[in-house]
Amino acid sequence: MELVELQNVTIISERFLKDDIIDIIKKNSAKGYTLTDVSGEGSRGIRASEWEGKNVKIETVVSSSSADRIIQAISDHYFENYAVIAYTQTVNVVRGDKYI
Amino acid sequence: MELVELQNVTIISERFLKDDIIDIIKKNSAKGYTLTDVSGEGSRGIRASEWEGKNVKIETVVSSSSADRIIQAISDHYFENYAVIAYTQTVNVVRGDKYI
Amino acid sequence: MELVELQNVTIISERFLKDDIIDIIKKNSAKGYTLTDVSGEGSRGIRASEWEGKNVKIETVVSSSSADRIIQAISDHYFENYAVIAYTQTVNVVRGDKYI
Amino acid sequence: MESILSNFSSPVVLAFVLGIASKFVKSDLEFPRPLYQSISIYLLLAIGLKGGVELSKTTFSVFLLPATATLALGIITPLTAFVIIRYIRKLDMSNSAGLAAHYGSVSMVTFLVAISFMEDKGMQPEGYMPTLLALLEIPGIIVALMIPIAVSKNVASLGKALHEVVTGSSIFLLIGGVIIGYIAGPEKFGPVSPFFVSGFQGALFLFLLELGMTTASRFRDLKKVGAFIIFFGVFVPILHAVLAIYFGYWAGLSTAGITVLATMTSSASYIAAPAAVRIALPKASPSIYLTASLGITFPFNITLGIPLYYYLTVLITG
Amino acid sequence: MESILSNFSSPVVLAFVLGIASKFVKSDLEFPRPLYQSISIYLLLAIGLKGGVELSKTTFSVFLLPATATLALGIITPLTAFVIIRYIRKLDMSNSAGLAAHYGSVSMVTFLVAISFMEDKGMQPEGYMPTLLALLEIPGIIVALMIPIAVSKNVASLGKALHEVVTGSSIFLLIGGVIIGYIAGPEKFGPVSPFFVSGFQGALFLFLLELGMTTASRFRDLKKVGAFIIFFGVFVPILHAVLAIYFGYWAGLSTAGITVLATMTSSASYIAAPAAVRIALPKASPSIYLTASLGITFPFNITLGIPLYYYLTVLITG
Amino acid sequence: MESILSNFSSPVVLAFVLGIASKFVKSDLEFPRPLYQSISIYLLLAIGLKGGVELSKTTFSVFLLPATATLALGIITPLTAFVIIRYIRKLDMSNSAGLAAHYGSVSMVTFLVAISFMEDKGMQPEGYMPTLLALLEIPGIIVALMIPIAVSKNVASLGKALHEVVTGSSIFLLIGGVIIGYIAGPEKFGPVSPFFVSGFQGALFLFLLELGMTTASRFRDLKKVGAFIIFFGVFVPILHAVLAIYFGYWAGLSTAGITVLATMTSSASYIAAPAAVRIALPKASPSIYLTASLGITFPFNITLGIPLYYYLTVLITG
Ligand SMILES: Nc1ncnc2c1ncn2[C@@H]1O[C@H](COP(=O)(O)O)[C@@H](O)[C@H]1O
Ligand SMILES: Nc1ncnc2c1ncn2[C@@H]1O[C@H](COP(=O)(O)O)[C@@H](O)[C@H]1O
Ligand SMILES: Nc1ncnc2c1ncn2[C@@H]1O[C@H](COP(=O)(O)O)[C@@H](O)[C@H]1O
Ligand code: NA
Ligand code: NA
Ligand code: NA
């Protein structure tokens with residue numbers, strides 16, 4: 001079973017940024033993404049989204065070049081004003097070529 | 001605190017495959033698994049499960065040999081017809097021997 | 001985009017341990033955490049939390065030293081009597097210095 | 001004609017329109033999935049219980065002919081649908097059988113809208129209609145899934161699919177409700193009825209709001225599936241309705257009963273069938289069968305179809 | 001005897017059976033957890049409010065004896081349960097105390113089924129029964145958790161467990177409802193009552209459907225826990241019921257009141273107790289105490305137990 | 001005075017207090033988010049439908065003056081709020097505009113509590129009040145978001161924020177309900193009404209329980225935001241209420257109508273506004289505007305404010 005080494009980009013943010021972040025991901029040639037409802041606490045403490053109840057976790061498996069571009073875009077747009085955390089992990093993906 | 005290096009196998013698929021995939025996991029000597037309700041979009045775009053609302057994410061921490069067998073089985077059974085993504089990550093597990 | 005290499009500590013446990021585990025995490029200088037409702041099965045099989053429906057997954061991105069201390073504390077307090085799994089992964093975090 | 005207009009001013013239909021609108025104005029309105037699930041559990045049990053209580057007052061003989069007619073329709077309609085799509089449109093076997101399964105089965109909500117349409121007109125369909133609904137839901141799917149086998153094309157895990165069909169939550173709750181209502185009877189059902197009866201129309205209102213939202217998100221696929229599917233989604237229901245009108249007439253149903261039977265026969269499943277087809281015919285494309293049943297037939301039926309079927313019923317039977 | 005049969009044709013009991021059936025036919029029916037939570041919030045508030053409104057009409061003196069009897073039962077029953085399991089079955093301390101906590105506390109739903117059983121018979125239990133329910137829920141758990149300490153065995157975070165017991169959502173909503181109902185009184189409660197009164201039986205119906213499903217998933221553990229636990233889950237409730245009948249008789253309750261008191265005393269908690277025991281006695285195995293309370297005692301009580309306790313009440317008091 | 005006391009013994013207010021209490025005793029009570037969402041959908045549709053049906057009976061001319069008065073209030077109140085916070089407290093632009101948006105908009109629940117307060121007194125406000133609620137919800141937010149631009153300070157994605165405001169689920173459901181109610185009219189609305197009318201007060205009861213819990217979790221920020229914000233959260237509502245009383249009087253509303261108008265004008269949004277402000281003014285701190293609107297103004301209004309506004313109305317208009 002040949003596994004392809006790719007990057008899993010994880011972004012956790014306030015819910016209302018969801019659609020914008022998905023746009024960014026798609027623009028950077030991600031073939032798909034997975035959303036999870038999460039909640040959490042961070043440096044910014046209480047925030048509007050706390051009232052709306054939840055944050056959202058967005059994961060996308062992409063090539064490391066796309067990963068860089070996504071990360072770059074996210075941090076340019078959101079880090080100053082919004083509640084966001086983003087990180088990447090190396091994953092070994094089945095039929096990984098499908099996601100490049 | 002001795003941590004054991006194991007594989008965390010992640011499978012995201014249409015909800016109705018859940019039970020079958022869990023069977024496969026158990027058959028390949030996984031000691032446990034964790035399910036998360038997720039939603040997402042992929043190459044296959046819209047699908048029945050979209051109507052049923054959600055995909056499911058199945059994670060299981062196993063030895064790398066089990067990981068290989070699980071990955072193999074998943075890709076044999078489901079990749080052709082169903083909406084599935086599967087990947088593995090290296091994790092350092094507390095009392096890891098418990099999961100081998 | 002400079003990414004900082006940190007540890008993502010994942011703890012999956014019975015729901016009612018949530019607050020205690022969050023305390024432990026905060027005591028060990030985590031800057032934040034993310035919660036996900038999950039369900040699952042493990043070596044201990046059926047348990048009260050099954051009746052309460054769900055387990056909880058707690059993820060926190062921290063320095064590897066904090067990671068060690070958290071892991072240590074978790075395994076000291078809970079492994080004997082409660083349904084818990086804990087593992088760490090290396091992640092590359094945007095503005096990672098924020099979480100140290 | 002004016003019954004079409006009056007149908008458009010019925011709250012449940014307007015709720016459906018509102019749901020569609022919410023998608024077009026891109027409102028952030030979200031309908032919580034657990035609410036959707038809860039309402040379907042509620043509606044299915046309510047229909048079943050009410051039907052069961054009625055059944056406990058019905059003599060079996062009265063019920064025999066309508067039941068036969070319904071079963072017959074359950075076996076014929078998937079075949080007509082299949083023939084049309086497979087030999088006129090020449091769609092591949094999986095997709096053709098998949099569509100057939102949907103048009104052989106029923107849509108509970110369409111059934112309910114038909115009933116409140118008749119009640120608006122001050123007519124009561126027979127009390128055992130819910131039982132006919134249950135009779136009509138299953139056979140069509142099974143027949144359709146058999147076709148590929150009949151022509152010796154292997155079907156992925158048919159057994160699993162059949163189990164899914166007969167134990168699927170919708171049919172389970174519907175039949176379960178009928179049985180409970182039948183055993184309990186009118187008196188015992190008394191204390192429970194306020195909950196299931198007076199709240200009913202309101203729950204249906206919310207449910208149609210949600211279906212409007214889901215339907216709207218189907219519209220974007222209309223282009224993808226092409227003109228024939230759209231034609232199919234309107235023509236086949238009318239065909240099946242006419243068929244049902246004759247059968248219902250033969251079975252001696254009332255005008256209201258015939259109209260409701262026609263409506264449920266013309267309706268296409270979007271819950272039981274998709275689940276079963278996804279399992280048995282994974283190669284069939286959901287965007288085809290869901291767009292047809294949910295994006296075309298469902299909205300057509302609850303807006304224009306029902307008044308039309310009522311009109312045809314009066315025309316044919318009167 | 002015939003009251004057993006009639007009990008079996010009551011919709012709520014049938015809903016419970018339907019829930020069990022859904023697991024046996026492996027239906028994909030799923031009961032959304034938020035619906036389950038919502039209904040428990042609803043039921044607890046409804047009981048509390050109704051009880052509080054009634055209480056506002058009751059003179060304290062009338063209420064004194066029944067309250068005393070109930071508290072006494074709350075202290076005695078965990079001890080009887082403990083003695084039986086610890087010294088006859090020789091189960092270890094943690095599991096014995098854990099079980100005792102469950103049988104010392106109560107099951108709200110069993111209480112409700114008992115009330116509608118009496119109402120079916122045209123008898124009204126005293127209006128302050130819900131207040132007795134609240135009185136009976138807590139002490140049993142506390143007493144049981146004290147036992148291990150009494151015999152100098154350390155208990156994991158007892159304080160936390162006690163806090164959990166007295167602030168647990170079920171007791172909080174029940175007492176909160178009583179207080180609100182008491183302050184508001186009949187007139188002020190008027191506008192809110194349709195929601196909490198007319199919907200009640202229906203909500204209970206849905207709740208029992210869910211409990212049937214949960215109970216069924218407990219059955220698979222019956223073998224695991226062994227014959228004695230099964231015997232325990234039937235015998236102890238009857239024992240506690242008989243005890244309660246005498247106490248209730250002494251306190252001057254009506255036949256309906258005694259039957260309901262007997263039922264709630266015999267019932268075993270599966271919400272408040274498990275949560276507290278999990279915290280205070282982590283070594284106690286959930287599969288033992290949940291299987292006993294939810295897999296054995298609960299189904300026994302709502303099907304055979306309640307008619308039996310009614311029968312015994314009439315026998316003893318009449 | 002006694003109307004304050006009587007207000008404190010109203011079930012909905014007591015439910016709010018119970019919700020606050022649950023946080024103070026650290027109960028593990030959790031209010032499922034889907035239930036919260038479902039109830040808001042229900043309440044908004046119920047208000048809208050009821051209002052629309054009433055509107056279908058109202059002649060436009062009657063409605064003209066009240067509508068004008070309401071729109072005027074929608075434009076004035078955000079400005080008064082802004083001036084006070086920006087030039088007296090000297091808060092930065094983002095936070096000032098953010099707060100202004102909240103106090104320019106409305107809180108649906110406060111509106112509802114005011115209505116049931118009047119009904120308790122046996123007075124019926126005008127049937128078209130819900131329409132005024134809809135008119136008052138939007139303009140205030142827009143005006144407030146314009147301020148930073150007016151003083152040439154760029155606003156993050158204003159377009160997106162405006163879209164959010166006018167298509168936000170609350171306003172969408174409210175207006176949608178009004179339209180449906182208006183088209184359907186009394187007869188057609190008949191079958192749906194039991195669900196939306198008789199369940200209403202109960203749903204409101206549950207909703208206030210939840211809001212009590214949310215409010216309580218806001219209290220911990222009271223220190224953080226400081227004394228002026230607390231003063232602001234009490235003074236500005238009273239100011240706006242007095243303004244509204246004169247406007248309502250001028251528009252010829254009934255005493256009940258004026259009191260309700262005053263209450264909704266004084267209320268601060270905690271759903272539409274936060275969402276829009278978060279998008280348009282990300283630098284504005286949620287702990288300031290949510291604590292003010294939800295932690296101070298909301299509890300003040302439903303406990304002391306409404307009786308006060310009623311008292312002032314009688315004083316000024318009588
Ligand atoms: N160190 C962390 N580990 C895991 N998740 C975090 C961490 N810090 C923040 N988060 C998540 O990111 C969201 C925004 O964090 P912040 O921007 O720091 O307020 C929080 O609500 C958490 O869900
Ligand atoms: N590149 C990706 N990254 C993360 N999740 C994905 C990705 N591609 C697909 N998925 C998930 O896998 C499911 C099935 O994808 P597909 O089989 O490509 O339609 C989607 O609904 C997503 O939840
Ligand atoms: N091997 C595993 N892989 C993934 N999750 C696991 C595994 N084992 C246990 N878990 C999770 O940890 C919880 C407690 O496991 P246990 O303590 O083994 O009963 C389970 O309910 C699962 O959610
Ligand atoms: Na059909
Ligand atoms: Na008991
Ligand atoms: Na305002």
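Chain identifiers are assigned alphabetically (A, B, ...) following the order of the sequence lines, protein sequences preceding nucleic acid strands; residue numbering begins at 1 within each chain.
The main-chain N or O of Gly168(F) is never found under 3.5 Å from a side-chain atom of Asp28(D) such that the two would form a donor-acceptor pair. Judged by distance alone, the side chain of His163(F) and the main-chain N or O of Ser27(D) form no donor-acceptor pair under 3.5 Å.
For the pair Val192(F) and Leu204(D), the minimum side-chain heavy-atom distance is 4.5 Å or more.
Neither the backbone nor the side chain of Leu35(F) comes within less than 4.5 Å of any heavy atom in chain D. At a 4.5 Å heavy-atom cutoff, Glu187(F) makes no contact with chain D through either its backbone or its side chain. Contact annotation for Ile41(F): only side-chain heavy atoms (C-beta onward) come within less than 4.5 Å of a heavy atom of chain D. Using a 4.5 Å cut-off between heavy atoms, Ile171(F) does not touch chain D at all. With a 4.5 angstrom heavy-atom cutoff, Glu30(D) touches chain F via backbone and side-chain atoms both. Within the 4.5 angstrom heavy-atom criterion, only side-chain atoms of Leu49(F), from C-beta onward, approach chain D.
Across Pro32(D) and Gln37(F), no two heavy atoms sit closer than the pair CB-OE1, 3.5 Å. Pairing each heavy atom of Pro194(F) with each of Ser198(D), the nearest pair is CB-O, 3.6 Å. Nearest heavy-atom pair, Ala184(F) versus Pro11(D), reported as atom, atom and distance to 0.1 Å: CB-CG, 4.0 Å.
In terms of the salt bridge (Lys or Arg N to Asp or Glu O under 4.0 Å) criterion, residue partners of Lys188(F) (sequence neighbours excluded) are, by chain and number, Asp120(D).
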**OP:** Take Leu18(D) and Leu45(F) through the test side-chain contact (heavy atoms from CB on, under 4.5 Å) and record every step on the way to the result.
**Re:** CA-CA 11 Å; Leu18(D) 185 64; Leu45(F) 283 174; 4.2 Å; yes

Original post:
Hey, mind stepping through Leu173(F) and Leu209(D) against side-chain contact (heavy atoms from CB on, under 4.5 Å) and telling me if it holds?
Top reply: CA-CA 10 Å; Leu173(F) 288 169; Leu209(D) 176 65; 4.2 Å; yes

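In this structure, the ring of Phe200(D) has its center no less than 6.0 angstrom from the ring center of Phe195(F).
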